[in-house]
Amino acid sequence: MAKRDYYEVLGLQKGASTDEIKKAYRKLAVKYHPDKNQGDKEAEERFKEGTEAYEVLSDDKKRAAYDQFGFAGVEGMGAGGAGGFGGGFGGAAARDFEDLFGGFGDIFDSFFGGGGGGGRRRSNNNRGNDLRYDLEIDFKEAVFGAKKEISFKRDSSCDVCHGSGAKSGSGRKTCPTCGGSGQVRRSSGFFSIASPCPSCKGEGYTIEDPCNKCYGTGTVQKTQKIKVTIPAGIEHGKRIRIEGQGDAGQSGGAPGDLYVVILVHNHEYFERNGNDIYCMIPISLTQASLGSEIQVETLDGKKVKLKVPGGTQNGKVMRLRGEGVPYLHNANRRGDMYIKIRVEVPNKLSSKAKKLMQELSEELGEEEKPRPVRLSDIN
């Protein structure tokens, strides 16, 4: 295959920045990596070609010599094919490989579907699953807080083998395939790559005589009961995280967490918006006309006097300060309560009431043909 311009190999213009060169090489390396294209000679050549180009263009001195003199300018500087690389992976490409791919483990994850790291990565993989529990509560329980007992199933540490996965006395044995490292190495072209051991799945040990109760997993499913504290002011859809109450980790791994999702029932009279609440109170036509003092029941059941001024119109909104929902984690601060007035017109009148209403109409000089209200006059 004819030698191509290094910028062309990486798909770059001559004035490309260092970051652009790194990004281009990363993209090429992922696409043509030998382990993703086993047996594909063309992909292997493309990978070598890209590595050679990156080796030169990522080094300021080599790049300057290449820009001025082409391939001849970098001969003898550790570039120019197999002679320069010695059939291996060195120089700038080797130095920057960890930085380019965020660590060997990350790129191996994409190739093998699992981590190639050591004990810490295996421990993370053994962490138990997080669980979700949907908890339905009443409107006022969300407003003022509550304690609720919930029951759910989770994977717990096996009480027979105490989470080891092995029968009592048998224990675990070092994996003969990887020697306890959890990794096996194999060569592909000029790469030597570590991957999780297929025999022990990266654990570094095997269980020859599994526990009869958990079948070697170290966990069994049990019903768990716990009490959940619901803070005052919590809103519908919010989650409460309870650490360590998820599934137990396998083979001694850390347990997951439990997420309790709060589902709040609607209230018959109140509606919530943030920390404010809204309700509608009906009053009579005479109360709206003459004015009145009415009693309004708040969220916590107490009666509060509300003065309705004379001439109050249907739909008027009045406010009671501090009678709304407590702020989450700050119960001393509360929102407000908004009351929308609904003026109710009687649908049945006695003969005496009709006569009085007629007299009132005449006294007020009501028009038989009222004019439309200007839209600009509507509040």
Side-chain angles (χ1 to χ4, degrees), residues 127-159 163 219-249 253-283 293-308 315-342:
R127 181 182 181 273
N129 294 323
D130 292 333
L131 299 179
R132 168 177 172 153
Y133 186 96
D134 291 348
L135 177 58
E136 296 184 13
I137 63 174
D138 291 335
F139 187 88
K140 288 190 177 182
E141 288 177 325
V143 171
F144 298 111
K147 288 186 181 292
K148 307 286 280 189
E149 184 175 79
I150 63 174
S151 176
F152 60 98
K153 290 185 177 181
R154 65 184 289 260
D155 289 342
S156 302
S157 179
C158 177
D159 53 6
T219 62
V220 291
Q221 195 172 77
K222 293 182 179 179
T223 299
Q224 180 87 349
K225 287 185 178 182
I226 61 171
K227 287 187 176 180
V228 179
T229 299
I230 301 167
I234 197 165
E235 293 185 73
H236 178 84
K238 293 294 185 181
R239 303 189 309 173
I240 299 174
R241 174 175 170 263
I242 304 177
E243 187 177 358
Q245 288 296 331
D247 284 340
D257 299 327
L258 173 67
Y259 289 88
V260 179
V261 180
I262 301 299
L263 305 177
V264 183
H265 292 163
N266 292 329
H267 195 276
E268 187 176 3
Y269 301 112
F270 297 112
E271 185 175 330
R272 179 177 176 179
N273 183 8
N275 290 93
D276 297 326
I277 61 165
Y278 295 79
C279 69
M280 183 177 288
I281 299 293
I283 63 174
E293 189 173 81
I294 61 175
Q295 284 193 336
V296 177
E297 185 173 328
T298 62
L299 272 174
D300 45 14
K302 67 182 179 182
K303 303 286 187 179
V304 176
K305 290 182 178 180
L306 179 68
K307 187 174 183 179
V308 179
K316 180 179 177 63
V317 177
M318 306 180 74
R319 179 172 65 173
L320 290 176
R321 294 181 181 273
E323 295 294 344
V325 179
Y327 279 72
L328 192 64
H329 307 308
N330 185 7
N332 293 326
R333 185 185 174 197
R334 294 177 64 169
D336 299 327
M337 179 175 176
Y338 290 88
I339 300 159
K340 187 174 185 178
I341 299 296
R342 187 176 77 177

Inset, instruction - State whether Arg132 and Asp134 are salt-bridged, where the test is any N-O pair (Lys NZ or Arg NE/NH1/NH2 against Asp/Glu carboxylate O) under 4.0 Å. - result: yes
Inset, instruction - Can you establish whether the number of heavy atoms outside Glu149 located under 6.0 Å from its atom CD is more than 12? - result: yes
Inset, instruction - Tell me, with the steps shown, if Lys147 and Lys227 meet side chain to side chain contact (heavy atoms under 4.5 Å, CB included). - result: CA-CA 7 Å; Lys147 288 186 181 292; Lys227 287 187 176 180; 5.6 Å; no
Inset, instruction - Determine the sole option in Leu306, Ile339, Asp336 for which the side chain to side chain contact (heavy atoms under 4.5 Å, CB included) test with Arg319 is passed. - result: Asp336
Inset, instruction - Give the intermediate values and the outcome of side chain to side chain contact (heavy atoms under 4.5 Å, CB included) for residues Phe152 and Gln224. - result: CA-CA 5 Å; Phe152 60 98; Gln224 180 87 349; 3.7 Å; yes
Inset, instruction - Starting at NZ of Lys302, measure out to CD of Gln295 and round the result to the nearest 0.5 Å. - result: 13.0 Å
Legend entry - Which atom of Lys222 lies closest to which atom of Ser157, heavy atoms considered: NZ-O, 4.3 Å
Inset, instruction - Starting at CE of Met318, measure out to CE of Met337 and round the result to the nearest 0.5 Å. - result: 12.0 Å
Legend entry - Minimum heavy-atom distance between Glu141 and Ile230, given as atom pair plus value: O-CG2, 4.4 Å
Inset, instruction - Indicate yes or no: does Lys303 engage Glu297 in a salt bridge with an N to O separation below 4.0 Å. - result: yes
Inset, instruction - Find out whether Ile240 and Leu135 are in side-chain contact, i.e. whether some heavy atom of one side chain is under 4.5 Å from a heavy atom of the other. - result: no
Inset, instruction - Flag yes if more than 12 heavy atoms outside Asn266 fall under 6.0 Å of its CG atom; otherwise flag no. - result: no
Inset, instruction - Hey, could you give me the CG/OG1 distance between Asp247 and Thr219, rounded to the nearest 0.5 Å? - result: 7.5 Å
Legend entry - Atom pair CG (Leu258) and CD1 (Ile150), whose distance is rounded to the nearest 0.5 Å: 5.0 Å
Inset, instruction - Mind checking the SG-NZ spacing from Cys279 to Lys340? Nearest 0.5 Å is all I need. - result: 11.5 Å
Inset, instruction - For Lys140, look at atom NZ and say whether over 12 heavy atoms of other residues, nucleotides or ligands are found less than 6.0 Å away. - result: yes
Inset, instruction - Look up atom CD1 in Ile242 and atom OH in Tyr133, then write down how far apart they are to the nearest 0.5 Å. - result: 10.5 Å
Inset, instruction - In sequence, state the C-alpha distance, the side-chain angles, and the governing distance for His236 and Leu263, and then conclude on side chain to side chain contact (heavy atoms under 4.5 Å, CB included). - result: CA-CA 5 Å; His236 178 84; Leu263 305 177; 3.9 Å; yes
Legend entry - Min side-chain heavy-atom separation Arg272-Glu235 under 4.5 Å: yes
Inset, instruction - Determine, for Arg239 against Asp257, whether the closest basic-nitrogen to carboxylate-oxygen distance falls under 4.0 angstrom. - result: no
Legend entry - Over all atoms of both residues, closest heavy-atom pair of Phe144 and Arg334: CE2-NH2, 4.1 Å
Inset, instruction - Please examine the side chains of Ile226 and Gln245, heavy atoms only from C-beta on, and report whether any two atoms are closer than 4.5 Å. - result: yes
Inset, instruction - Could you pull out the closest heavy-atom pair between Leu299 and Phe270, with the gap in Å? - result: CD2-CD1, 3.7 Å
Inset, instruction - Establish, from distance only, whether the side-chain atoms of Thr223 and Lys153 form a donor-acceptor pair under 3.5 Å. - result: no
Legend entry - pair Tyr278-Val317: side-chain heavy atoms closer than 4.5 Å: no
